[in-house]
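Each remark here refers to the structure printed beneath this line.
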Amino acid sequence: NAGVTQTPKFQVLKTGQSMTLQCAQDMNHEYMSWYRQDPGMGLRLIHYSVGAGITDQGEVPNGYNVSRSTTEDFPLRLLSAAPSQTSVYFCASSYLLGTEAFFGQGTRLTVV
Amino acid sequence: EDKVVQSPLSLVVHEGDTVTLNCSYEVTNFRSLLWYKQEKKAPTFLFMLTSSGIEKKSGRLSSILDKKELFSILNITATQTGDSAVYLCAVGDNAGNNRKLIWGLGTSLAVNP
């Protein structure tokens, strides 16, 4: 099983550019989320979704958009990249909130 | 404010030592507590705890939850260099419509040969 597939692994952007991080899961999980991980700050929730067509903001949503048109896919869009968005991003899915979450491999994003 | 606090922040031990990692929490509506191991990549799941006093065990790793005192411990016996990682604790919060996992900052464990 593929589990959670997240692309790309690495990305360098210039300030002001936009991009989409892709996330797909094949486990039929309802709950999907995006985190960023920064040194000393732990995992911080950006956006999450409890099912197709439903999204909500997490702890640090500014500068990011998400959509959930299907159960499988949950892309994260950076609208206008800023150096403060340099981070490692993880997509995760779980059957229910609070149960085992499966993580994608992560995207290391650098904004210059 | 909901929070999860892990201690110590970092730990250096020798192979064969036993370590205990701590996770305390304050959340509005507790659902579960989860432990993850993170090496230089994505976190991988270790345990999920929902009931007090019931030990979960996997090989040399074990964990237990105390819902009265609001904490959990993760024990690793006979540590090996492959146990070197950051260990993350997360608590599932079912408060109203704002359901989420609240993460601690992690404990960085280094096991020296």
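Sequence lines set the chain letters: A, B, ... in the order given, protein chains first and strands last, and positions in each chain run from 1.
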| query | What part of B:Q6 gets closer than 4.5 Å to chain A, counting heavy atoms only: side chain, backbone, both or neither? | reply | neither
| task | Flag yes if B:L70 and B:L74 sit in one hydrophobic cluster, no otherwise; membership is Ile, Leu, Val, Met, Phe, Trp, Tyr, and two members link when side-chain heavy atoms are under 4.5 Å apart. | result | yes
| message | Let me check something: do A:V111 and A:V88 share a hydrophobic cluster, defined by ILVMFWY side-chain heavy atoms less than 4.5 Å apart, either directly or through other members? | response | no
| message | If I compare all heavy atoms of B:P43 with all of A:L43, which pair ends up nearest, and what's the gap? | response | CG-CD1, 4.4 Å
| Do B:M48 and B:W103 belong together in a cluster built from hydrophobic side chains that touch within less than 4.5 Å? | yes
| said: Do B:I76 and B:L49 sit in one hydrophobic cluster, given that two such residues count as connected whenever their side-chain heavy atoms are within less than 4.5 Å of each other, even indirectly? | reply: yes
| task | Under 4.5 Å, heavy atom to heavy atom: which of residues 72-84 of chain A reach chain B? Give them by number, or say none. | result | none
| query | Can you name the closest pair of heavy atoms from B:Y36 and A:E100 and give their distance? | reply | OH-C, 3.8 Å
| query | What part of A:Q6 gets closer than 4.5 Å to chain B, counting heavy atoms only: side chain, backbone, both or neither? | reply | neither
| note | By residue number, those in residues 101-110 of chain A with heavy atoms under 4.5 Å from heavy atoms of chain B are A:A101, A:F103, A:G104, A:Q105
| message | Run A:Y48 and B:L101 through side chain to side chain contact (heavy atoms under 4.5 Å, CB included) and show every step you take. | response | CA-CA 11 Å; A:Y48 67 98; B:L101 282 177; over 6 Å; no
| Is it true that atom NZ of B:K57 has more than 12 heavy atoms of other residues, nucleotides or ligands lying nearer than 6.0 Å? | yes
| task | State the OG1-CG distance between A:T99 and B:L34, to the nearest 0.5 angstrom. | result | 7.5 Å
| query | Can you find a pair of side-chain heavy atoms, one from B:Q38 and one from A:F90, that are under 4.5 Å apart? | reply | yes
| query | Which answer fits B:L88, side chain, backbone, both or neither, if we ask what part of it has an atom under 4.5 Å from a heavy atom of chain A? | reply | side chain
| field | ILVMFWY cluster, B:V19 and B:L61 together (side-chain gap under 4.5 Å) | value | yes
